[in-house]
There are 4 protein chains.
Amino acid sequence: MKLHPLSESSEKPQGRRDKRQLILDAAVRVFARMGYHGARVSDIAREAGIAYGLVYHYFRNKEEILGTIFEDRWARFLDAVENVACSRTSTREKLTSIAALILGGYRVQPDWVKVLVLEIQRSSRFAEPGQIRAVGRLFQSVERILREGQEQGALRDGFDPDVASQLFIGGLEIAVTARVLGVTRAGDGESEDEYCARVARTVVDLFFDGVRAGGVA
Amino acid sequence: MKLHPLSESSEKPQGRRDKRQLILDAAVRVFARMGYHGARVSDIAREAGIAYGLVYHYFRNKEEILGTIFEDRWARFLDAVENVACSRTSTREKLTSIAALILGGYRVQPDWVKVLVLEIQRSSRFAEPGQIRAVGRLFQSVERILREGQEQGALRDGFDPDVASQLFIGGLEIAVTARVLGVTRAGDGESEDEYCARVARTVVDLFFDGVRAGGVA
Amino acid sequence: MKLHPLSESSEKPQGRRDKRQLILDAAVRVFARMGYHGARVSDIAREAGIAYGLVYHYFRNKEEILGTIFEDRWARFLDAVENVACSRTSTREKLTSIAALILGGYRVQPDWVKVLVLEIQRSSRFAEPGQIRAVGRLFQSVERILREGQEQGALRDGFDPDVASQLFIGGLEIAVTARVLGVTRAGDGESEDEYCARVARTVVDLFFDGVRAGGVA
Amino acid sequence: MKLHPLSESSEKPQGRRDKRQLILDAAVRVFARMGYHGARVSDIAREAGIAYGLVYHYFRNKEEILGTIFEDRWARFLDAVENVACSRTSTREKLTSIAALILGGYRVQPDWVKVLVLEIQRSSRFAEPGQIRAVGRLFQSVERILREGQEQGALRDGFDPDVASQLFIGGLEIAVTARVLGVTRAGDGESEDEYCARVARTVVDLFFDGVRAGGVA
DNA sequence: GATGAATGAGCTTTCATTCAT
DNA sequence: AATGAATGAAAGCTCATTCAT
């Protein structure tokens, strides 16, 4: 059983890079609670238990904190996605794994996903080429899986992998957002794990088989 | 040929509500250009050609402007969606119409959609019950179409209409966002209209038939 | 009897430009008391009896206040100097008048001269071309007087008017600085007026006759 | 041929006082480049190639650095001036030597003189009794030379040596400041040395003979 | 002596909002 | 209705100074 790539290591940090990480972790919690614009640098410092000015020792300004939060963990997340894309399993299993990664993120790091969905995605940074490109890599990974599926004959020809990747990821993003906003939740007697697995399966099923009656011969 | 519900009426406004509308229109342009937080009330006033104190005659505060922008046009948009949902056409046509509505919004009102996607969606207002409910009505309309499709036998049973509506709308939302961010664009020699129609068709096709090889008998 | 050009008009300001002037006058007092760097914008606002932010309604920043203080009054001072330079009196009287203008400034506007001598002169602005040029005009006026004196035969040939203007003004500047710093002061039973007149006369005498014994035939 | 008293000794410093001197020299360069207020302690430390905490081992605070810069070299300069004052030469030669000392400082130590003229002179320290007294000693030396000249009959009676010393030094100060600010410079084909000597001679000539026509019998 | 992480008071500046006219 | 001067809370950021190592 593998850990989710966003799950935090539990080691107590004590070296020199630690204060920096302390600040990042505190910032994630504070941004999740108050939003990026609502959070003051002093809030982050207090949450991290350090002095105000130290934040500026490690980061040029507040925005760099948000940017770093994104870059650090998004890279880890992308690695996991790309590992899946390269793995030697069926197309369906690959897409199911990716769906689980996306949906599971919220279970493992609700604050971080909240910040990603509500703050980073809509910060001015998000519109920057670098960030768009980073996000684009997720789409490209999925596109590649779809294209390989077509080549192997597992997926039908005749659909645009580009648009299809948007449909797939867009559906999952809405599901995560709905979860973050509290619109949907796990059913009674259903664990978070089970909930994620169920939704991932449902999305992949839909994505594979479509909604049309008689679609499956 | 029907107008898109977001297309602006061309009547020159001249009554008393006019200044109010002037402010709203100016705000849409300014928010699109500078973002909600980057826009000052004075920027909106200058764009509208009025004194900035006057803004406070018509709106309690800056946030109310954003809220009003959303409510005004979202209501019009929802009406159009619900009209489609009630219309006496096939499920496929209904979904295609809705896809065209969503995708066409950017063509008709790029600034407004930009503000909706980049600002409103991530404002704290968006997390308010009222706004979530308003957005929820879009999902419910689609859900209803899907459920009716299942009842009529046009769509297969065995998928959750709730999750399916998320997949459908999520896919479209990503497509619109990609358009807003300039990641995708119309192909060479393709008009905006044709582009929208093509993407709408592709999404509906995928949503109907899935990606699985042999899915279509 | 003419007023010194730096003496303030006594009219109570009440129009719209007044707040601006109120701020400038307050700033002169505060800068004189605490120095430019020691003065906070809030000190100026309090001294002027206005709200903090209003300062930024009239001035871009603190430095612009200092610059405006200099420009406003230095222009008035230069006018007076240039009037003297153009007047139809003897060279000696012209130089005596200018000496009196320079020395009298401190009597009439001690705060302003203090700010000029201690703050403006050494601010980074002072090293700016515009400001150097403005100060240069004082030297040029004196130079012109000296050159005309040479042409008219009132002054001997054989000295460089450029260096001579530096000697003349430099001497007066030191005298003023010494006064500002409290190193020198009026003698017992001597009014400020008399003190200025006496020093002005002494400087001009020295400048005219030199220190050499037998210099006067 | 004697060295200018401000010229730096060329010995490589290697004892314990060295770091201290390293800091002072670095500070002179940094203050000259960025101004006292514009220079951060860390800038000085970087220029000196040391950790910036170390600065506080050698100096109580930033201001003490400025003060030390002044005191160290001013003392050396004053010694030179007082040597001249005591020397057994003519009054004219004494004043010419002092003029050369003042003017030559910029040639030998442009950074230091820049800091003296632009920073120290206008720092709050400068208004402190100790510093005023130190500067006053320069005036007193000149005054003493003038008084002795009067007693010996080389200079005429009937002028106030106090005001005369201000005229003399003030003129030189302006000349140096103009040099520092780049307003004046050596003529074509004139070395810095020659330039200094020429201006020194001109100032002394003027100071001795005055500007009046017929002043020299 | 030497380091540089840590501190935090205090600054300038911004700008939503109020209000007298 | 309309103006824009006036308000002042609040925020980001700087940097001299301290201190543990």
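So that the names make sense, note that chain A is the first sequence line, chain B the second, and so on, each numbered from 1.
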message: Reading DNA chain F from 5' onward, which residue's closest nucleotide shows up sooner: A/V41 or D/R40?
response: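 Its nearest nucleotide being more 5', the pick is A/V41.
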Nearest-nucleotide 5' precedence on DNA chain F, C/A51 against A/N61: C/A51
Take the protein atom [atom1] of [X] and the nucleotide atom [atom2] of [N], then report the distance between them rounded to whole Å.
| X | N | atom1 | atom2 | answer |
| --- | --- | --- | --- | --- |
| B/D18 | F/dA2 | CG | P | 10 Å |
| B/R20 | F/dA2 | CZ | P | 14 Å |
| A/M34 | F/dA10 | CE | P | 12 Å |
| D/F59 | E/dG1 | CZ | P | 12 Å |
| A/R46 | E/dT7 | CZ | C1' | 16 Å |
| C/I44 | E/dC11 | CD1 | P | 12 Å |
| C/I65 | E/dT13 | CD1 | C1' | 12 Å |
| C/L54 | E/dT18 | CG | C1' | 14 Å |

task: Apply the test side-chain contact (heavy atoms from CB on, under 4.5 Å) to residues D/I65 and D/V55: give CA-CA distance (whole Å), side-chain angles for both, the deciding distance (0.1 Å), then the verdict.
output: CA-CA 9 Å; D/I65 300 176; D/V55 172; 3.8 Å; yes
message: Let's test this: given Watson-Crick or G-U wobble pairing with both distances under 3.5 Å, identify the partner of E/dT21.
response: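 The answer is F/dA2, by the H-bond criterion.
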- prompt: Partner of E/dG10 by Watson-Crick or G-U wobble geometry, both contacts under 3.5 Å, or none?
  reply: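 F/dC13 is the nucleotide pairing with E/dG10.
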- prompt: Is A/K19 positioned over the aromatic face of A/Y58, cation under 6.0 angstrom from the ring centre and no more than 45 degrees off axis?
  reply: no
- request: Hey, can you tell me if D/F77 and D/W74 have their rings parallel, tilted or perpendicular (30° and 60° cut-offs)?
  value: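 Correct class here is tilted.
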Distance in Å, C/R46 CZ paired with C/Y52 OH, rounded so as to fall on 0.5 Å steps: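 C/R46 atom CZ to C/Y52 atom OH measures 10.0 Å (nearest 0.5 Å).
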- prompt: Does a salt bridge link C/D111 with C/R73, judged by any charged N lying under 4.0 Å from a carboxylate O?
  reply: no
Contact under 4.0 Å: [X] side-chain N or O vs [N] OP1/OP2:
| X | N | result |
| --- | --- | --- |
| A/Y52 | E/dT7 | no |
| D/Y56 | F/dT17 | yes |
| C/K19 | F/dA6 | yes |
| D/Y58 | E/dA2 | yes |

task: Identify, between C/R60 and B/H37, the residue whose nearest nucleotide on DNA chain E lies closer to the 5' end.
output: C/R60
- request: Please tell me which of C/D43 and A/G49 maps to the more 5' nucleotide of DNA chain E, matching each residue to the nucleotide holding its nearest heavy atom.
  value: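 Upstream on the strand: A/G49.
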Which of these nucleotides, [options], is closest to any side-chain atom of [X]?
| X | options | result |
| --- | --- | --- |
| A/K62 | E/dG1, E/dA5, F/dC13 | F/dC13 |
| D/I50 | F/dA11, E/dG10, E/dT3 | E/dT3 |
| B/H57 | F/dA1, F/dC13, E/dG4 | F/dA1 |

message: Classify B/A45 by what it touches in the nucleic acid, base, sugar-phosphate, or nothing, heavy-atom distance under 4.0 Å.
response: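 The answer is nothing, as B/A45 stays clear of every strand by at least 4.0 Å.
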- prompt: Hey, is CZ on A/R133 packed in by over 12 heavy atoms from elsewhere, all under 6.0 Å?
  reply: no
